[in-house]
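What follows is a set of notes on a single structure, which appears directly below.
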Amino acid sequence: MNIQIFGKSKCFDTRKAERYFKERRIKYQMIDLRKHGMSLGEYKSVKTAVGGMQELIDEHSKEYEDNYVKYLSEEQDREEKLLEHPGMFQTPIVRNGRQATVGYQPDVWKEWV
């Protein structure tokens with residue numbers, strides 16, 4: 001297994017996801033979205049696995065409102081804003097190869113083991 005957790009350092013669900021894998025002694029890589037963001041390749045892989053871009057956007061985030069993303073009509077424009085401002089990602093995003101989840105979902109992660 002090659003687990004990657006994309007999250008924010010102050011996100012409660014991200015910390016719960018880290019604890020989940022630590023308790024089961026499963027190695028993972030933590031990526032702070034605010035510092036490092038997500039590459040285009042990683043983004044496309046995760047987007048495909050979770051069923052689209054809309055699943056990845058946190059519509060309640062301050063950055064979402066500050067950048068007026070809900071008023072953008074083109075999906076490509078919203079994707080560019082999302083990659084420019086990674087604080088808009090819903091967290092945690094947990095990735096295992098081509099599989100991925102958004103949010104705290106231990107039932108799905110249990111199937112991966």
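No experiment lies behind these values; they were computed from the predicted model shown.
- Contact check for Y64 versus F89: no side-chain heavy atoms found under the 4.5 Å cut-off.
- Hydrophobic clustering (ILVMFWY, side-chain heavy atoms < 4.5 Å, transitive): M30 and M38 are in distinct clusters.
- Within the 4.5 Å cutoff, the side chain of I31 has heavy atoms near those of the Q4 side chain.
- Between I57 and L82, some side-chain heavy-atom pair lies under the 4.5 Å cut-off.
- Summarising the geometry, atom CD belonging to E18 is positioned 9.5 Å from atom OG belonging to S9; distances are rounded to the nearest 0.5 Å.
- In terms of heavy-atom proximity, A49 sits nearest to Q99 at CB-C, 4.2 Å.
- Shown are R15, K16, K10; of these, the salt bridge (Lys or Arg N to Asp or Glu O under 4.0 Å) with D13 is made only by K16.
- Shortest non-hydrogen contact noted between P92 and A17 is CG-CB, 3.9 Å.
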* Take D58 and T91, measure what side-chain contact (heavy atoms from CB on, under 4.5 Å) needs, and give me the verdict at the end. => CA-CA 8 Å; D58 180 4; T91 55; over 6 Å; no
* Asked: Does the side-chain contact (heavy atoms from CB on, under 4.5 Å) test come out yes or no for T14 and F6, once each step is laid out?
  -> CA-CA 8 Å; T14 298; F6 294 90; over 6 Å; no
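- Heavy atoms only, all atoms of each residue included: G87 and R34 are closest at CA-NH1, 3.7 Å.
- Follow the hydrophobic side-chain contacts under 4.5 Å out from Y71 and you never reach V69; the two are in separate clusters.
- Summarising the geometry, atom CG belonging to L83 is positioned 8.5 Å from atom CE belonging to M88; distances are rounded to the nearest 0.5 Å.
- Separating the CD atom in E74 from the NZ atom in K81 is a distance of 14.5 Å, to the nearest 0.5 Å.
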* To do: Go through the steps to decide whether K47 and E79 satisfy the test salt bridge (Lys or Arg N to Asp or Glu O under 4.0 Å), and finish with yes or no.
  => CA-CA 10 Å; K47 177 179 130 181; E79 283 182 333; 2.6 Å; yes
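- Going from atom CD of Q29 over to atom CZ of R95 covers 9.5 Å, rounded to the nearest 0.5 Å.
- In this structure, Y104 and W109 have perpendicular ring planes: the angle between them is above 60°, well past the 30° mark.
- Side chains of Q90 and V102 form a contact here, defined as non-hydrogen atoms less than 4.5 Å apart.
- Summarising the geometry, atom CZ belonging to R25 is positioned 13.0 Å from atom NZ belonging to K22; distances are rounded to the nearest 0.5 Å.
- Residues E63 and P86 approach most closely at OE1-N, 4.4 Å, considering heavy atoms.
- In the hydrophobic cluster analysis, where Ile, Leu, Val, Met, Phe, Trp and Tyr join through side-chain heavy atoms closer than 4.5 angstrom, I5 is grouped together with V108.
- Taking NE2 from H85 and CG from L33, the interatomic distance works out to 14.0 Å, rounded to the nearest 0.5 Å.
- Checked by atom type and distance alone, the side chain of S45 never pairs as donor or acceptor with a backbone atom of E42 at under 3.5 Å.
- Both tests hold for R24 against Y20: distance to the six-membered ring centre under 6.0 Å, angle to the ring axis within 45°.
- Partner of Y28 under the side-chain contact (heavy atoms from CB on, under 4.5 Å) criterion, out of V94, N2, I3: I3 alone.
- Judged purely by distance below 3.5 Å, without hydrogens or angles, the side chains of E59 and Q54 pair a donor atom with an acceptor atom.
- Between T101 and V50 there is no side-chain heavy-atom pair separated by less than 4.5 Å.
- Within a 6.0 Å radius of NE2 in H60, no more than 12 heavy atoms belonging to other residues, nucleotides or ligands are found.
- Within a 6.0 Å sphere centred on NZ of K44, heavy atoms belonging to other residues, nucleotides or ligands number 12 at most.
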